[in-house]
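Letters A, B, ... mirror the listed sequences (proteins, then strands); counts begin at 1.
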Number of protein chains: 2
Amino acid sequence: MARQGDAQLQQSADPLRQRIIEAADELYYAHGFRAVGMDALRQHAGVSLKRLYTVFPSKESIVLAVLDYRHTMWADEIAAAVAQEGTPRARLLAIYDYLAGWFRSDSFRGCVFINAFGELATESPAVATKAADHKREFRRFMEQLATEAGFSEELGDQLMLLAEGAQTTAAITGDSAMALKARRAAEALLSVAESTRTHSVR
Amino acid sequence: MARQGDAQLQQSADPLRQRIIEAADELYYAHGFRAVGMDALRQHAGVSLKRLYTVFPSKESIVLAVLDYRHTMWADEIAAAVAQEGTPRARLLAIYDYLAGWFRSDSFRGCVFINAFGELATESPAVATKAADHKREFRRFMEQLATEAGFSEELGDQLMLLAEGAQTTAAITGDSAMALKARRAAEALLSVAESTRTHSVR
DNA sequence: AGGGTCGGAGAACGTTCGTTCTCCGTGGTC
DNA sequence: GACCACGGAGAACGAACGTTCTCCGACCCT
């Protein structure tokens, strides 16, 4: 048992593995998954093909590792964005400011889980599951934020839908102002919810 | 000039062309674009490879034709869904009931433009443009619906974001109830907007 | 009836894919 | 100094890709 813990720790700290994942993340996110071959990945990661296959048994396992990597990165960053806000209202709106910064980055190309789902879900059930898990967890996160602020779970779902819509629309149209539009919609939903709030905040 | 018009008319009425597009639409939408080869398309359309290439010069041109096909289908259907509603409020909410029906269909796998963008946008600028055009037109459609009902354009943008978020979330999680959640959010936004409406409906 | 265009089936072409293998140099161990 | 485990570069492999070509049978025109 302790051995397993060590192995996991070592795995996520393995610099070679991490380098491959980050290179794969950049290429897959920028060009799509099938568009990037193992040779391009090998070159971009600066790793020989042989070593690549000692760390990962297949391309699919790399894709799944990239999705894990993106998931924890996303979870950590939105948690941090929320954590630095004081009021329940500000905590619920923090997500849209985080999105605004993300949308403005040069590499932004939408949500990698949506992209992976569209391209690979049918042929790789593992990818489909990971994408569903990611969205489910984000939904739970927003629901929790909502209930902690004394609102209904439903409000969390609604704020989640706005965030999702902003991601895809900003990606395709290139209009990073979608984050602000989603924020203003969220503010309006909050103002409705506040007038029918179930309980006062603890 | 009249000849060009004839050619266009004939083109969109060409049953062979239409059969190829519909077969391609089914396969691309279900499995992704790169995952479906020309041979699978040939087989599913019941058309020889030679004839396929007399109608379309390349795979990319088929992809673009499929996107055109989906765009007009989408535009016609949401226009029809809106048209059978009487009140401005019902017209604005009709989109979510249309989405609910779509989400429940077996073949539903999200928005094909989002999927195409994620998979092909980097390598095919034409695909990226068509996806952006589609989203831009849907946004304009919702904005127009909103202003016709006496609301701000901004409200139309917000309702659009909810619809987009519902599409991706329903696709990935398989939860068709997202349409209803988006609808309830839209109702809340409408109730806010009604209290600050700029002008009465004509 | 015979000449010629058309299209079907599918082989062929060159490329690229994911994955494995071969060759070879290097560095550590007894 | 001989041995060996390791890893780098990239060739090799079979499959699949998008696209073109070859062959051949079926139908049209006069």
Side-chain angles (χ1 to χ4, degrees), chain A residues 10-11 14-67 115-116 118-128 130, chain B residues 10-11 14-67 115-116 118-128 130:
Chain A
Q10 186 187 0
Q11 173 178 298
D14 183 348
L16 174 62
R17 183 186 159 89
Q18 198 57 25
R19 184 146 56 100
I20 295 171
I21 289 176
E22 282 168 25
D25 174 66
E26 283 177 25
L27 293 181
Y28 291 160
Y29 185 56
H31 301 99
F33 294 90
R34 295 184 111 102
V36 177
M38 295 300 271
D39 213 58
L41 174 56
R42 176 201 63 75
Q43 187 171 346
H44 194 248
V47 164
S48 76
L49 221 45
K50 190 189 228 175
R51 228 141 112 76
L52 224 173
Y53 274 97
T54 62
V55 181
F56 291 101
S58 67
K59 178 175 181 178
E60 188 186 24
S61 69
I62 302 179
V63 171
L64 294 174
V66 165
L67 293 184
N115 296 351
E119 187 169 355
L120 305 173
T122 305
E123 322 242 313
S124 166
V127 167
K130 237 175 233 310
Chain B
Q10 187 185 1
Q11 171 178 296
D14 181 348
L16 174 62
R17 182 187 160 91
Q18 198 57 25
R19 184 147 54 100
I20 295 171
I21 289 177
E22 282 168 22
D25 174 67
E26 282 177 26
L27 292 181
Y28 291 162
Y29 184 55
H31 301 99
F33 295 90
R34 298 185 109 104
V36 177
M38 295 300 271
D39 213 58
L41 173 57
R42 175 201 64 73
Q43 187 170 346
H44 194 247
V47 164
S48 76
L49 222 44
K50 190 190 229 177
R51 231 141 109 76
L52 225 174
Y53 274 97
T54 63
V55 181
F56 293 100
S58 66
K59 178 174 181 178
E60 188 187 23
S61 69
I62 302 179
V63 171
L64 294 174
V66 166
L67 293 184
N115 296 351
E119 187 170 355
L120 305 172
T122 305
E123 322 240 313
S124 168
V127 167
K130 237 174 234 312

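- Note: CG (A/Leu52) to C1' (C/dG18) measures 11 Å, nearest angstrom.
- With sequence neighbours excluded, the residues forming a side-chain hydrogen bond (donor to acceptor under 3.5 Å, both in side chains) with B/Thr122 are A/Arg109, listed by chain and number.
- Residue-level contact check: B/Val36 touches the backbone only, with heavy atoms under 4.0 Å from sugar-phosphate atoms and none from bases.
- Environment of CD in A/Gln43: sparse, with no more than 12 heavy atoms of neighbouring residues, nucleotides or ligands closer than 6.0 Å.
- Atom NZ in B/Lys50 sits roughly 7 Å away from atom C1' in C/dC6 (whole-Å rounding).
- In this structure, the CG atom of B/Asp39 is 13 Å from the C1' atom of D/dA15, given to the nearest Å.
- Residue A/Arg51 has a polar side-chain atom (N or O) positioned under 4.0 Å from OP1 or OP2 of D/dG8.
- At a cut-off of 3.5 angstrom, the base of C/dG18 holds no donor-acceptor pair with the side chain of A/Lys59.
- Here D/dG18 presents its C1' atom at 14 Å from CG of B/Leu120, a figure rounded to the nearest Å.
- D/dG8 atom P lies 11 Å from atom CZ of A/Arg42, rounded to whole Å.
- The residue among A/Glu60 and B/Val47 whose nearest nucleotide of DNA chain C lies closer to the 5′ end is B/Val47.
- Residue contacts for B/Thr54: at a heavy-atom cut-off of 4.0 Å it reaches no nucleic acid atom on any strand shown.
- With respect to the salt-bridge test (charged N to carboxylate O, under 4.0 angstrom), the residues A/Arg34 and A/Glu123 qualify.
- Rounded to a whole Å, the CD atom of B/Glu119 is 13 Å from the P atom of D/dC17.
- Put simply, the residue from B/Ile21, B/Val36, B/Leu41, B/Asp25 that forms a side chain to side chain contact (heavy atoms under 4.5 Å, CB included) with B/Ile62 is B/Leu41.
- Rounded to whole angstrom, the span from the CG atom of A/Leu49 across to the C1' atom of D/dA12 amounts to 12 Å.
- Rounded to an integer number of Å, the gap from CD of B/Glu123 to C1' of C/dT16 is 13 Å.
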